[in-house]
Structure formats: C-alpha cells, structure tokens
Colleague: 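One structure coming up, written as structure tokens, with questions to follow.
In what follows, chains carry the letters A, B, and so on, assigned in the order in which the sequence lines appear, proteins first and then strands, with residues in each chain numbered from 1. The figures that follow rest on heavy atoms only: side chains count, while hydrogens, waters and symmetry mates do not.
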Number of protein chains: 2
Amino acid sequence: MSYHPSSARTRARGRDLRGFCNTVTTGLVKGKETRTRLSRKDVLDAAAELVRRHGPRSLTMRGLAAELGTAVTSIYWHVGNRESLLDALVERTVADLGEIRPVGRTPAQRVVSVARALRRQLLDHPHLVAMVHERGLTERMFLPAQRSLVHEVHEAGLRGARAADAVRSVQVHVVGHVLVERNRERAPVQRPAEEEPWTKDTAEQDGALARALAGPLDPEALFTVSVKALVTGLLGPGAMTVGGGPYPH
Amino acid sequence: MSYHPSSARTRARGRDLRGFCNTVTTGLVKGKETRTRLSRKDVLDAAAELVRRHGPRSLTMRGLAAELGTAVTSIYWHVGNRESLLDALVERTVADLGEIRPVGRTPAQRVVSVARALRRQLLDHPHLVAMVHERGLTERMFLPAQRSLVHEVHEAGLRGARAADAVRSVQVHVVGHVLVERNRERAPVQRPAEEEPWTKDTAEQDGALARALAGPLDPEALFTVSVKALVTGLLGPGAMTVGGGPYPH
DNA sequence: ACCTGAACACCGTTCAAGT
DNA sequence: ACCTGAACACCGTTCAAGT
C-alpha cells in the first residue's frame with residue numbers, strides 16, 4: 001500500500017531488510033546517547049528493556065516514544081504496530097536462547113538434565129514465556145532442547161513415532177510446568193483452599209499426606225520428581241534406577 | 001468508604017450478600033425481558049455469555065452496558081470494576097465444574113482416566129483456562145480432580161509426601177498440557193520450522209522419526225502417551241502394563 | 001526516506017447529582 | 001439503595017503534512 005517498511009509484516013517473516021543504518025550518535029546528554037535518527041533496533045532495544053523491567057503490559061506506544069524521545073508515530077514507521085513490535089521482540093529473544101548440552105551417564109539422566117536446563121532457561125526470561133505463550137508460539141520454546149532430546153531418546157533405543165512422542169512429551173511437560181509455575185509466582189497467595197483444607201480424615205487417614213497437600217509447593221522439587229517419573233515411563237522401566245530415584249526406599 | 005457493595009472485594013471472598021432481589025420482569029420487548037432493576041446476577045450472566053462467545057478480551061464495560069441496556073456506571077455499582085467482575089466469573093465457572101469419577105480396573109488406569117476427564121473438562125471451557133491462568137488461580141483448576149487422585153494414589157500404595165507429589169505431578173501435567181494445547185489452537189499455523197525441518201540426516205538417520213517430528217501434532221494422542229508414562233513412573237514399574245501400553249511391542 | 005502533531009475512536013474509572 | 005451523564009486520563013492507530 002505504501003513504502004512503509006512495516007508492511008514487511010505481510011511478507012514472510014524474513015530478515016529485517018533495513019536496520020543496517022543504525023543509530024547515528026551525535027553527542028551525549030547526561031550520559032545518554034543523542035540520536036539524530038531512530039533505527040528499528042533502537043525501538044526494539046528500548047522496548048525489550050521496558051518489557052524486561054515491568055512486563056509486556058507496561059509497554060505502551062506512547063510510553064516507548066517518551067523513552068526514546070520521539071513522536072509516537074515514528075515508532076509506527078519502524079515497527080508497524082504494537083502487535084508486530086512484540087512479535088519481533090519475542091522472535092529476537094527466542095533466537096538468543098542457546099542450545100542445551102545434556103549431562104549425565106545414562107540417556108535417561110541426560111534427558112532429565114536437558115529438561116531441567118530448558119526449564120531454567122525459560123524461568124530466566126519470565127516475561128518471555130508469557131509473551132510467547134500469548135502469541136501462540138509455544139512450540140518455539142521447544143526448540144533449544146529439541147535436538148538434544150532427539151539424540152538422547154534415540155540413544156535410549158526409541159525409534160520412529162514412538163521416539164517423536166517421547167521428545168514431545170518431555171517438551172510439553174517442561175513448557176507446561178513452567179507456565180503453571182510462572183502463574184503461581186504472580187499470585188503467591190493462592191487463596192487458602194476455602195474448600196476444606198486437607199485433614200487426616202479427608203486424606204485417607206494419612207497425616208503426612210494431608211500436611212503435604214495443605215502445605216506450600218516447592219516447584220523445583222516437584223518438577224524434578226515429575227520429569228524423572230515421566231522419563232522413566234517413556235524410556236522404559238529401570239531407566240532412572242541407576243541414578244537413584246528422588247526418594248530413598 | 002461508601003455503602004457501595006462492590007467494596008465486598010476487600011472483604012473475604014464470601015457469598016454474594018445481595019442478589020436475592022433478582023430481575024423484576026415487567027414485560028417483553030421483542031422476546032427479550034425488560035428489567036426494571038439490574039441485579040448482580042444479571043451482570044454476571046451477560047458477561048459470562050459475552051466471554052463464552054468471544055473471549056475475555058471482547059468484554060468491555062461499555063459493551064456490557066449496551067448489552068444490558070443500562071448506563072456503564074450501573075455495572076460499577078454491582079460488581080465494582082472489570083477486574084473483580086472477571087474474578088467473579090471465574091469463581092462461578094470453577095465452582096460449576098463437577099468432581100470427576102475414576103474409571104478402570106487398576107489404580108494406574110483410574111488415575112489416567114481422571115487425568116483425561118480433567119483435561120476434557122478444561123478444554124470444554126476454553127476461555128476459562130486462560131482466565132484462571134491469567135488470574136494466578138491455576139491451582140483452582142486442580143480441584144475437580146484432587147480428591148479422586150488422592151484416593152487412587154493411596155490405593156496404589158503411595159504414602160505421605162510421596163503421594164502428595166504424585167497427585168500434584170499429575171495435576172500440573174494435565175493443566176500444563178492443556179495450557180500448551182489451548183495455545184496451539186490459537187495459532188494453528190505454527191510457523192513451519194524455519195530452522196531446517198527435520199530430515200532423515202538430522203534425525204539420527206531415522207526417517208520415521210523425522211517424518212513424525214515434521215508432521216502435525218495430535219494433542220489428544222500425545223496427552224495419552226505422556227500421562228500414561230507419567231503415571232507409570234509415579235506408581236512404579238508395571239503400573240500400566242495390565243491395561244496395555246499405547247504401543248504394540 | 002523518515003519524522004511530526006492533530007485527530008479519531010476507543011478504553012476503564014470517578015464523581016456529583018438525581019430518584 | 002440504585003441509576004445516571006459528564007468528565008478524566010488514558011489507550012492504539014491513521015493521516016496529511018512537513019523535511
């Protein structure tokens with residue numbers, strides 16, 4: 001419709017064709033660079049910083065413009081609109097997530113190590129997870145772990161569709177777990193079960209079980225338990241036994 | 001501060017103290033009821049319908065007022081503000097989710113059946129999942145399954161903290177899986193891996209694996225596979241063997 | 001090619017005023 | 001106790017106009 005570069009959003013999501021003409025620095029004002037021209041990268045950088053500090057909801061076009069010292073409308077020229085700005089941000093961050101190296105003696109241990117590392121990576125970018133999720137790009141979060149998982153699952157003797165299922169099971173479990181976790185963080189005061197909290201009477205006469213269910217949840221520990229169980233189930237019995245299970249028996 | 005009932009949101013989240021004086025119907029206009037007075041229930045019902053049809057983002061206070069044929073500000077009197085309106089909506093829907101009856105011969109089979117039923121319930125209320133999630137009430141979605149899971153896990157011989165972990169593992173897995181699934185729905189055209197899609201060469205020389213990874217994902221099947229594996233791992237080896245595994249061997 | 005201010009069509013929310 | 005219109009302080013986005 002126009003020569004507006006943001007029409008790139010209708011093209012295949014390819015490389016940014018401009019952006020080579022980066023910031024032209026002319027001087028310093030109170031330690032901050034003064035731009036003569038705004039670049040797409042400037043916009044993304046500033047937006048990324050705002051999101052990193054206060055989350056995506058805090059990112060308004062007007063606020064971003066103020067941060068950059070330009071008119072709101074300039075931003076539109078560079079990134080099209082708010083939606084594709086966030087798209088670009090997600091794209092960039094996901095691309096920065098490195099591959100994950102498996103650690104451990106058995107394939108099962110290495111798969112667990114990949115799962116834990118992936119979880120760590122995702123939790124390190126708290127807002128990213130929600131943004132990728134809201135954009136329907138969840139599978140993107142699978143990528144850093146995918147190659148390693150394929151290798152390890154194959155190493156464990158799984159083949160074909162069954163191997164693919166195992167890889168995806170682990171991926172979905174990790175991402176899903178992180179989504180649930182992230183959510184708990186936001187509402188740390190989970191309304192104390194107004195449904196009766198668990199008592200010995202309602203918990204199969206198992207006092208320890210009742211206490212555990214009524215008490216707080218340790219996400220890290222729960223993750224370890226569940227991913228080990230999952231991997232055990234996927235790779236076959238005995239898969240985790242070498243490394244010792246989560247519980248003394 | 002005032003007698004405004006919406007100050008209930010500062011009280012403990014208890015029962016709605018008004019709302020007994022429901023709609024007073026005076027006649028019919030084109031098949032629609034004509035209200036003389038607006039009740040909190042009217043507001044919630046209309047809001048629920050809007051959310052059900054077009055999702056929570058489509059719910060605006062002004063639009064809701066138009067739907068109800070009142071001034072925007074009347075709504076504020078009844079529900080306080082948009083946030084607590086959505087809170088109330090979530091509360092109501094979650095409360096309507098019934099308990100889940102386990103089916104199957106072995107405890108493992110029954111746990112799997114509970115997991116599948118819970119997933120079904122959540123997928124039946126597509127917007128609810130996202131809303132509960134955004135509100136940080138994820139554990140609420142655990143509730144319909146909780147009691148049955150406790151029973152079955154105990155039946156399988158798990159006790160104390162270990163039983164609690166098993167219950168929670170299944171719960172987080174189900175909710176997490178549904179979150180990931182729901183997300184895929186929203187973006188059905190997952191950008192075809194711009195990273196090279198899997199080929200026989202990159203997939204450990206396993207052509208079937210490559211095809212499976214490149215192809216589409218069947219969420220229902222994947223869920224079954226992963227939850228069976230998880231339960232197997234949690235309840236001990238052999239747990240699922242009676243019912244037959246997902247794959248012929 | 002890049003940047004601008006003005007304007008549009010929305011929001012949620014508050015408040016003083018009605019009955 | 002319940003409802004109202006006017007007003008406030010925000011949004012994202014478009015557009016014609018500048019250089």
Colleague: Is any side-chain N or O of A:H78 closer than 4.0 Å to OP1 or OP2 of C:dC3?
Modeller: yes
Colleague: Separation of A:R40 atom CZ from C:dA1 atom P, in whole Å?
Modeller: 16 Å
Colleague: Choosing from D:dG12, C:dT4, C:dT13, which nucleotide comes nearest the side chain of A:Y76?
Modeller: D:dG12
Colleague: According to side chain to side chain donor-acceptor pair (under 3.5 Å), who are the partners of A:Q121, at least two apart in sequence or on a separate chain?
Modeller: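 A:Q121 satisfies side chain to side chain donor-acceptor pair (under 3.5 Å) with no residue once adjacent residues are dropped.
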Colleague: Indicate yes or no: at least one non-hydrogen side-chain atom of A:H78 is less than 4.5 angstrom from one of A:L44.
Modeller: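 No. Closest side-chain heavy atoms not under 4.5 Å.
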Colleague: Out of D:dG5, D:dT13, C:dT4, which nucleotide sits closest to the side chain of A:T70?
Modeller: C:dT4
Colleague: Between B:W77 (CH2) and D:dC2 (C1'), how many Å, whole number?
Modeller: 6 Å
Colleague: Roughly how many Å is it from CD1 in A:I75 to P in D:dC11, rounded to a whole number?
Modeller: 12 Å
Colleague: Quick one: do the A:S39 and A:D42 side chains pair a donor with an acceptor below 3.5 Å?
Modeller: yes
Colleague: List in chain and number order the residues that pass salt bridge (Lys or Arg N to Asp or Glu O under 4.0 Å) with B:R53, two or more places apart in sequence or in another chain; answer none if no residue qualifies.
Modeller: B:E49
Colleague: Would you sketch DNA chain C in dot-bracket for me? Only Watson-Crick or G-U wobble pairs with both distances under 3.5 Å count, crossing pairs as [ ], other-strand pairs as |, the rest as dots.
Modeller: ||.|||||...|||||.||
Colleague: May I ask you to evaluate whether B:S74 reaches the phosphate of D:dT4, defined as a side-chain N or O under 4.0 Å from OP1 or OP2?
Modeller: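 Yes, such a contact exists.
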Colleague: I need the residues from residues 53-63 of chain B with at least one non-hydrogen atom less than 4.0 Å from DNA chain C; give them sorted by number, or say none.
Modeller: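 Under 4.0 Å from DNA chain C: B:L59, B:T60, B:M61, B:R62.
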Colleague: Select one nucleotide: of C:dT14, D:dA1, C:dC3, the one nearest the side-chain heavy atoms of B:R37.
Modeller: D:dA1
Colleague: Would you kindly give the CG-to-C1' distance between B:L85 and C:dC11, to the nearest whole Å?
Modeller: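 It works out to 15 Å between those atoms.
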Colleague: For B:R116, is the CZ atom crowded, meaning more than 12 foreign heavy atoms sit under 6.0 Å from it?
Modeller: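 No, CZ of B:R116 has 12 or fewer neighbouring heavy atoms, counting only those of other groups under 6.0 Å.
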Colleague: What is the distance from NZ of B:K41 to C1' of D:dC2, rounded to the nearest Å?
Modeller: 19 Å
Colleague: Rounding to an integer number of Å, can you tell me how far A:R82 CZ sits from D:dG12 P?
Modeller: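 After rounding, the gap between these two atoms is 6 Å.
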Colleague: Can you list everything that forms a side chain to side chain donor-acceptor pair (under 3.5 Å) with A:R92? Sequence neighbours excluded, please.
Modeller: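 Expected list: A:D45.
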Colleague: Under 3.5 Å, is there a donor-acceptor pair between the A:S84 and A:N81 side chains?
Modeller: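 Judged by distance alone, the side chains do pair up.
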Colleague: Is the NZ or CZ atom of B:R119 both under 6.0 Å from the centre of the six-membered ring of B:F223 and within 45° of that ring's axis?
Modeller: yes
Colleague: Scan the side chains in residues 56-66 of chain A for donor-acceptor partners under 3.5 Å anywhere in the protein, sequence neighbours excluded, and list what turns up.
Modeller:
| unit_1 | atom_1 | unit_2 | atom_2 | d |
| --- | --- | --- | --- | --- |
| A:S58 | OG | A:G55 | O | 2.8 |
| A:T60 | OG1 | A:G63 | N | 2.8 |

Colleague: Find the distance B:L68:CG to D:dT4:C1' and express it as a whole number of Å.
Modeller: 15 Å
